[in-house]
Peer 1: 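Have a look at this one before I ask anything.
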Amino acid sequence: MNQRVDEHFLAQVRRRPDELAVVSGPTTMTYRQLADRATALAGGLAGLGVRRETLVGMAFDRSPDAVVAMLAIVLAGGAYVPVSPAFPERRIAELLDDSGVRLVLADPAGRVRIAAAAPGGVRVLGLADVPRKAGPVPPPAPPGRSPLAYVMYTSGSTGRPKGVLVEHAGIVRLVRDPDYAEFSTVDRFAQLSALEFDASTLEIWGALLNGARLCIVDNETAVVPWRLAEAVRTHGITVAWLTSALFNQLADEDPGMFAPLRCLLTGGDVLSPRHVELVRARHPGLALYNGYGPTENTTFTTVHRIDRRYDGPIPIGRPIRGTTVLVLDGERRPVSRGAVGELYAGGAGVARGYLGNDALTSERFVHIGGERYYRTGDRVHVDPDGVLHFHGRTDGQVKVRGHRIEIGEVTAALRAVPGVTDCHVRADHDGLVAYLVAPGATEQAVRTALAATLPHYTLPDRYVRLARLPLNRNGKVDAAALPLPDRTGAAQHTAAQHTAAQHTLAELWGDVLGVDPATIGPHDRFLEIGGNSITLGALLGRVHHRYGAELSFADAVAAPT
Ligand code: ADP
């Protein structure tokens, strides 16, 4: 099969020029319109010097323009590097510096953010600013190697994020004629993921390389259950990919909302059998899947169709077509049948490596029997039917609300905060807890300093201050001796201190945060006592149920207590 993303897209344009390719609110684009805009922009990018495998940054929220930019970069022969406009400036600067990107396409908000953060010599352009003076068409890719499609950054244990180099062939293998699900021209794919996460690879290319429709759902809608339910209905969405954290939240709030869907992929983290069963019982005809895979293996390595009830862990399934897996021990020998070992992923989805980091690339991407494999760091076993089961990590990488985080990265950032003398970070079921020995810094100062360096989803949810860290006999932090975090940091509030409305709100907060409402006071800030974007979405849903009020994220951010 043809392994080029641009050629598959152009084939769809020839086949169905007048079908809708992208829908976002009132904005629509047919395949022909999308191709015309992207081709014109690609010519302009070539005129600006974009050549085969030139890296071009992209700073966009989800939007039709973002799709045009992504396509244009690929049509010009380049590779896109998504940089979130929501990242702190220091992080943006770090990513631009690491990737060596000289040109960034951005939406208006992204332009302001990137221009403020970009090192000298980086050009930041809106789509309308790219001169339409066409440059040369891209030369054919060198034989024997699939061209680079994108670079996606993921958390690095040493404190610096690492750029994963993903090739066209990995994307084609993921979305074209896959054996784990069926995608066709009548499908409508939800785009719920931010562009810097590889869930968007499945969503965007899954739609555009199959002649299907991409339905873009904005940030606020994506995490507020009743809004998302409405979007699913009005767009008639048939295919969606939800991280397990969001899936659980939605299943709890409104399991009926999945009714229009034909295919629902969830995963990215361990699934909750209870939530899966809730949705299965409600929608017996829905094809529900557990999707497993790291960014380094182009979104999915294995997929499992969940077609029965599971009371225990749900398997991660079999390798998808074009993917091979090995389960090896510490000496890189196959484990005995059914034993737990480390999962190595091979085949067309294996990334080229980490940008500008040969040492880490050769540590994680290894040759075995003449094939390249990525060492996932995930522990698995294979059952007698050849189905894989997940057993956790071999290292300090964790998933918090669907985001991949290296504990080492957060620890390194904390240690760099003035006044912090020691720290320990761990993940619990509610997020990250930071244990701090910081006689010289207030908690607020630490929060502020960290927010200036790390993306918001890697920030600790709770802080515990200690005079010193408890150590075991080996001199390591004694995790069992660490105190449990105090949920609110506030005194107990008696119900009598609350007005009736405060009392009701405290109950709604307590419900979504999983804490005793009596510990929540009128001056507590939702996002500082364990709330996050997903629970805030759930809270807005509860408020809507209870009061009929349609509050937005912006309302909630403006009124944090
Ligand atoms: P993705 O965005 O595709 O989840 P990441 O690179 O962010 O990819 O995270 C990959 C890691 O997430 C895996 O190495 C594994 O530890 C965990 N993971 C992904 N999917 C699953 C799943 N279905 N079940 C359990 N863990 C998963």
Side-chain angles (χ1 to χ4, degrees), residues 1-39 62-72 74-75 149-150 168 170-193 195 197-218 221-222 228 231-242 258-266 285-289 291 298-300 303 305 320-322:
M1 194 201 293
N2 185 326
Q3 298 297 325
R4 289 275 296 277
V5 166
D6 44 346
E7 290 172 9
H8 278 288
F9 170 71
L10 293 172
Q12 295 298 344
V13 177
R14 285 191 296 274
R15 255 175 247 150
R16 36 195 341 92
D18 299 317
E19 297 296 327
L20 287 183
V22 177
V23 177
S24 170
T27 310
T28 62
M29 270 190 288
T30 63
Y31 270 85
R32 194 204 311 268
Q33 289 166 332
L34 175 59
D36 286 350
R37 283 193 63 195
T39 310
R62 306 194 264 301
S63 68
D65 274 0
V67 179
V68 171
M70 189 180 272
L71 260 171
V74 170
L75 289 170
Y150 62 79
H168 281 232
I171 302 175
V172 172
R173 139 204 168 278
L174 177 72
V175 302
R176 279 294 301 176
D177 214 5
D179 58 350
Y180 58 88
E182 257 175 55
F183 302 139
S184 81
T185 54
V186 297
D187 276 317
R188 295 173 181 195
F189 282 68
Q191 200 211 330
L192 295 161
S193 166
L195 303 174
F197 298 117
D198 75 343
S200 64
T201 307
L202 177 78
E203 297 172 334
I204 296 174
W205 299 119
L208 298 184
L209 304 195
N210 285 301
R213 186 184 298 181
L214 182 70
C215 304
I216 300 176
V217 180
D218 65 41
T221 308
L228 182 55
V232 168
R233 261 196 318 275
T234 45
H235 285 298
I237 286 169
T238 61
V239 181
W241 163 221
L242 299 173
F258 301 120
L261 295 180
R262 183 183 64 69
C263 167
L264 176 54
L265 296 138
T266 176
L286 173 68
L288 183 63
Y289 302 89
T298 323
T299 314
F300 287 158
V303 174
R305 170 88 188 248
I320 67 172
R321 181 157 50 226

Peer 1: Can you check whether Glu19 reaches Thr185 side chain to side chain, under 4.5 Å on heavy atoms?
Peer 2: no
Peer 1: Please list all pairs meeting salt bridge (charged side-chain N to carboxylate O under 4.0 Å, His left out) that have one or both residues in residues 199-218, counting only residues at least two apart or in different chains.
Peer 2: none
Peer 1: Under the 3.5 angstrom rule, does the side chain of Tyr180 hit a backbone N or O of Arg305 as a donor-acceptor pair?
Peer 2: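 Here the side-chain-to-backbone pair does not exist.
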Peer 1: Verify, without hydrogens or angle tests, whether Thr221 (side chain) and Val217 (backbone) share a donor-acceptor contact under 3.5 angstrom.
Peer 2: no
Peer 1: For Gln33, is there any backbone N or O sitting under 3.5 Å from a side-chain donor or acceptor partner on Thr30?
Peer 2: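 Checked: pair present.
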Peer 1: Counting C-beta onward and ignoring hydrogens, is there a side-chain heavy-atom pair between Val67 and Met29 closer than 4.5 Å?
Peer 2: no
Peer 1: Got a sec, which residues hit salt bridge (Lys or Arg N to Asp or Glu O under 4.0 Å) with Arg32, two or more places apart in sequence or on another chain?
Peer 2: Asp18
Peer 1: Within the structure provided, determine whether Phe9 and Leu71 are in side-chain contact (heavy-atom separation under 4.5 Å).
Peer 2: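 Yes, close enough: below the 4.5 Å cut-off.
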Peer 1: Could you walk me through whether Leu10 and Leu75 satisfy the side chain to side chain contact (heavy atoms under 4.5 Å, CB included) test, starting with their C-alpha distance in whole Å, then the side-chain angles of each, then the deciding distance to 0.1 Å, before giving a yes or no?
Peer 2: CA-CA 9 Å; Leu10 293 172; Leu75 289 170; 4.0 Å; yes
Peer 1: Check whether any side-chain N or O of Asn210 sits under 3.5 Å from a backbone N or O of Ala207 as a donor-acceptor pair, and report yes or no.
Peer 2: no
Peer 1: Counting only N and O atoms by type, is there a donor-acceptor contact under 3.5 Å from the side chain of Thr266 to the main-chain atoms of Leu242?
Peer 2: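 Present.
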Peer 1: Taking the side chain as C-beta and beyond, is there a heavy-atom pair between Thr201 and Trp241 under 4.5 Å?
Peer 2: no
Peer 1: State, with a plain yes or no, whether a side-chain heavy atom of Pro178 is found less than 4.5 Å away from one of Phe183.
Peer 2: yes
Peer 1: Do Tyr289 and Cys263 have side-chain heavy atoms sitting under 4.5 Å apart?
Peer 2: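 Counting from C-beta outward, Tyr289 and Cys263 do come under 4.5 Å.
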Peer 1: Can you find a heavy atom in the side chain of Val22 that is under 4.5 Å from one in the side chain of Thr28?
Peer 2: no
Peer 1: Just wondering, more than 12 heavy atoms not from Glu182 lying within 6.0 Å of its CD?
Peer 2: no
Peer 1: Is any side-chain heavy atom of Arg321 closer than 4.5 Å to a side-chain heavy atom of Arg173?
Peer 2: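 The answer is no, as the side chains (C-beta and beyond) never meet within the 4.5 Å cut-off.
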Peer 1: With side chain to side chain contact (heavy atoms under 4.5 Å, CB included) as the test, would you mind laying out the steps for Arg188 and Val23 before giving the verdict?
Peer 2: CA-CA 10 Å; Arg188 295 173 181 195; Val23 177; over 6 Å; no
Peer 1: Checking Leu208 against Leu34 for the side chain to side chain contact (heavy atoms under 4.5 Å, CB included) test, could you report, in this order, the C-alpha distance in whole Å, the side-chain angles of both residues, the deciding distance, and whether it holds?
Peer 2: CA-CA 10 Å; Leu208 298 184; Leu34 175 59; 4.0 Å; yes
Peer 1: Any sub-3.5 Å donor-acceptor pair from Thr299's side-chain atoms to Asp198's backbone N or O?
Peer 2: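 Flag set: sc Thr299 to bb Asp198 pair under 3.5 Å.
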Peer 1: Keeping Arg262 on the side-chain end and Leu286 on the backbone end, is there a donor-acceptor pair under 3.5 Å?
Peer 2: no
Peer 1: Checking the side chain of Tyr31 only, and the main-chain atoms of Ala212 only, is there a donor and an acceptor separated by less than 3.5 Å?
Peer 2: yes
Peer 1: Would you please test Val74 and Trp205 for side chain to side chain contact (heavy atoms under 4.5 Å, CB included) and show each step?
Peer 2: CA-CA 12 Å; Val74 170; Trp205 299 119; 4.3 Å; yes
Peer 1: Of all heavy-atom pairs between Leu195 and Ser200, which one has the smallest distance, and what is that distance?
Peer 2: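 Heavy atoms of Leu195 and Ser200 come nearest at O-OG, 3.4 Å.
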Peer 1: Quick one: pull up OG in Ser184 and CG in Asp177 and give me the separation to the nearest 0.5 Å.
Peer 2: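 Result: 11.5 Å between the selected atoms.
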Peer 1: Does any N or O in the side chain of His8 come within less than 3.5 Å of the main-chain N or O of Leu209, such that one atom is a donor and the other an acceptor?
Peer 2: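 Here the side-chain-to-backbone pair does not exist.
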Peer 1: If I take atom OG from residue Ser63 and atom CD from residue Gln191, how far apart are they, to the nearest 0.5 angstrom?
Peer 2: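 It is 8.5 Å, given to the nearest 0.5 Å.
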Peer 1: Where the side chain of Arg62 meets the backbone of Leu192, is there a donor-acceptor pair that is under 3.5 Å apart?
Peer 2: yes
Peer 1: Heavy atoms only: give me the nearest Ile237-Ala231 pair and the separation to one decimal.
Peer 2: CD1-O, 4.2 Å
Peer 1: Looking at CD of Gln3 and NE2 of His168, how far apart are the two atoms once the value is rounded to the nearest 0.5 Å?
Peer 2: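 That separation rounds to 11.0 Å.
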